Amino acid sequence: MSGILERIEQQLETIGRDGRLRRLPAIDNGKDKYLQIGEQRLLNLASNDYLGLSSSPLLAAAAHDAINEYGASSGASRLVTGNNRLYQELEHELASFKAQPAALVFNSGYTANLCLLASLADRHTLVFSDRLNHASIIDGISLSGAKHVRYRHNDMAHLATLLTKHKDHPHKLIITDSVFSMDGDLADLPSLVQLKHDFNCLLVIDEAHATGIFGHGRGLAHEFGVEQEIDLHMGTFSKALGSFGGYVGGSRLLIDYLINTGRALIYTTGLPPATVASNLAAIRLLQQNPDQGQPLLTMARNLVRHLQDLGIDTGPTESHIIPIIIGDNERTLQVQQQLHDMGIHVGAIRPSTVPTGTARLRLALRADLTLGEFELLTTQLSEVLCR
Ligand code: PMP
């Protein structure tokens with residue numbers, strides 16, 4: 001047997017033994033509030049469709065219209081013939097939504113992070129990155145060839161120490177999630193802005209989980225009022241915006257540079273027009289009703305307070321993403337199953353996605369829960385978690 005196949009078999013065996021084997025679940029309508037899995041109807045607290053926008057008839061209508069007008073595919077990369085009018089409208093409105101001079105849309109949030117890091121950083125660059133940053137950031141840093149300097153999660157004193165150590169290095173970039181995807185806590189953007197100025201760095205933030213929720217839907221940078229101090233704002237349409245694709249907002253200089261050097265933009269076919277159209281519809285919806293995230297955050301705060309009163313470890317969350325940290329992988333799967341049996345679907349997140357010993361359930365609250373559903377959820381969670 002080939003050495004590669006032998007290694008693969010061994011690795012899968014180890015993953016299975018550690019209780020970390022992943023299987024693709026067969027779930028129809030994975031974004032809806034209720035999932036139908038076999039005979040069971042389950043409340044869906046695992047999707048990132050935080051505002052329920054993916055079910056909006058406006059997004060669907062925009063996509064239908066675009067298919068009718070442009071067909072199913074953009075046909076080529078954006079720099080060839082794939083750059084239809086919808087892209088220009090979307091980037092124009094997105095830039096204004098984010099209060100940035102320019103914006104650029106990518107085929108996913110993952111691709112956006114890969115692309116921006118591989119373009120802005122090279123082997124002469126130091127990238128200072130929060131230890132709990134998303135995998136796409138870590139992969140982007142690897143691809144860039146830059147030196148990866150990890151700082152302890154949200155530890156500004158540690159970051160300052162590392163920056164001081166490298167203060168004379170001319171090419172420094174700091175990158176952070178704004179809302180952390182597995183812990184739901186918030187980056188200290190004002191301190192990061194201060195450090196960026198003190199040490200003359202570029203500052204890039206990933207607003208994947210903040211967009212639609214914080215800062216009148218515009219993201220955490222707007223919530224803190226520091227949006228003009230951040231060099232590049234990355235985000236995704238695939239979470240609260242209910243659609244698909246990634247984006248960055250920033251100066252014309254940076255956007256032009258990405259258009260000219262971003263291999264993940266240049267060498268890939270543009271998004272289907274239907275997707276670009278539903279992205280545009282989502283941005284317009286958010287602009288019309290920018291505070292849809294507020295009731296969601298209030299609901300999250302109430303649930304966290306309740307769980308903490310019961311002695312349950314919800315980590316440092318300050319958002320609609322609520323981790324229930326259990327620790328042991330097997331126990332986490334058991335509790336997930338118990339909730340499943342009660343009609344609640346939550347994600348079980350295990351190492352290597354989170355650090356060893358911090359396996360957890362990840363509750364992604366959604367704005368379309370009724371008061372009755374929220375109260376039932378609170379009761380059911382208390383029952384299962386206090387067993
Ligand atoms: N950044 C963060 C913080 C994310 O959580 C995700 C998605 N899990 C991404 C980037 C990637 O976005 P997308 O799903 O659009 O590829």
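Atoms within a ligand are numbered from 1 in the order they appear, just like the ligands themselves. It should be emphasised that the depicted structure is a prediction, and the values quoted were computed from it without experimental measurement. For this chain, numbers begin at 1 and follow the sequence in order.
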A.B. asks: Answer yes or no: is there an ion pair linking R284 with E93, defined by an N-O contact shorter than 4.0 Å?
C.D. replies: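 Salt bridge: yes.
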A.B. asks: Just distances here: any N/O of G109 and N/O of ligand 1 closer than 3.5 Å?
C.D. replies: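 N/O-N/O distance below 3.5 Å exists for this pair.
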A.B. asks: To which protein heavy atom is atom 9 (C) of ligand 1 closest, and what is the distance rounded to 0.1 Å?
C.D. replies: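 Answer for atom 9 (C) of ligand 1: H134 CE1, 3.5 Å.
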A.B. asks: Among protein heavy atoms, which sits nearest to atom 16 (O) of ligand 1, and what does the distance come to when rounded to 0.1 Å?
C.D. replies: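 Protein heavy atom at minimum distance: Y110 N, 2.9 Å.
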A.B. asks: Within a distance under 4.0 Å of any heavy atom of S181, pick out the atoms of ligand 1 and give their elements.
C.D. replies: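 The list of qualifying atoms is 5 (O).
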A.B. asks: Just need the protein heavy atom nearest to atom 14 (O) of ligand 1, so name the residue and atom and give the distance.
C.D. replies: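 Ranked first by proximity to atom 14 (O) of ligand 1 is S238 OG, 3.3 Å.
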A.B. asks: Does a donor on one side chain sit under 3.5 Å from an acceptor on the other, for N279 and S243?
C.D. replies: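 The criterion, which ignores hydrogens and geometry beyond distance, is satisfied for S243 and N279.
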A.B. asks: Among protein heavy atoms, which sits nearest to atom 5 (O) of ligand 1, and what does the distance come to when rounded to 0.1 Å?
C.D. replies: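 Nearest protein contact, heavy atoms only, for atom 5 (O) of ligand 1 is H209 NE2, 2.6 Å.
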A.B. asks: Please verify the inter-ring angle class for H340 with H345; under 30° counts as parallel, over 60° as perpendicular, anything in between as tilted.
C.D. replies: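 Perpendicular.
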A.B. asks: Would T332 and N329 count as having a side-chain donor-acceptor pair, cut-off 3.5 Å?
C.D. replies: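 Looking only at side-chain atoms, N329 and T332 do not form any donor-acceptor pair under 3.5 Å.
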A.B. asks: Tell me, please: is S136 in heavy-atom contact with ligand 1, that is, under 4.0 Å?
C.D. replies: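 Heavy atoms of S136 do come under 4.0 Å of ligand 1.
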A.B. asks: Below 4.0 angstrom from a heavy atom of A208, which ligand 1 atoms are there? Numbered from 1 as shown, please.
C.D. replies: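 By the 4.0 Å cutoff, the relevant atoms are 1 (N), 2 (C), 3 (C), 4 (C).
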A.B. asks: Nearest to atom 7 (C) of ligand 1, what protein heavy atom do you find, and at what distance?
C.D. replies: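 Nearest neighbour among protein heavy atoms for atom 7 (C) of ligand 1, to 0.1 Å: K239 NZ, 2.7 Å.
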A.B. asks: Between H153 and D130, do the side chains contain a donor N or O and an acceptor N or O under 3.5 Å apart?
C.D. replies: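 Yes, because at least one side-chain N or O of D130 sits under 3.5 Å from a partner of the opposite role on H153.
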A.B. asks: Any donor-acceptor pair under 3.5 Å linking the side-chain atoms of S319 with those of Y50?
C.D. replies: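 On atom types as modelled, these side chains do not qualify, holding no pair under 3.5 Å.
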A.B. asks: State plainly whether one hydrophobic cluster holds both L117 and L254, where clusters connect Ile, Leu, Val, Met, Phe, Trp and Tyr through side-chain heavy atoms under 4.5 angstrom apart.
C.D. replies: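 Yes, same cluster.
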A.B. asks: For atom 3 (C) of ligand 1, what's the nearest protein heavy-atom neighbour? Residue, atom name and distance, please.
C.D. replies: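 Protein heavy atom at minimum distance: D206 OD2, 3.3 Å.
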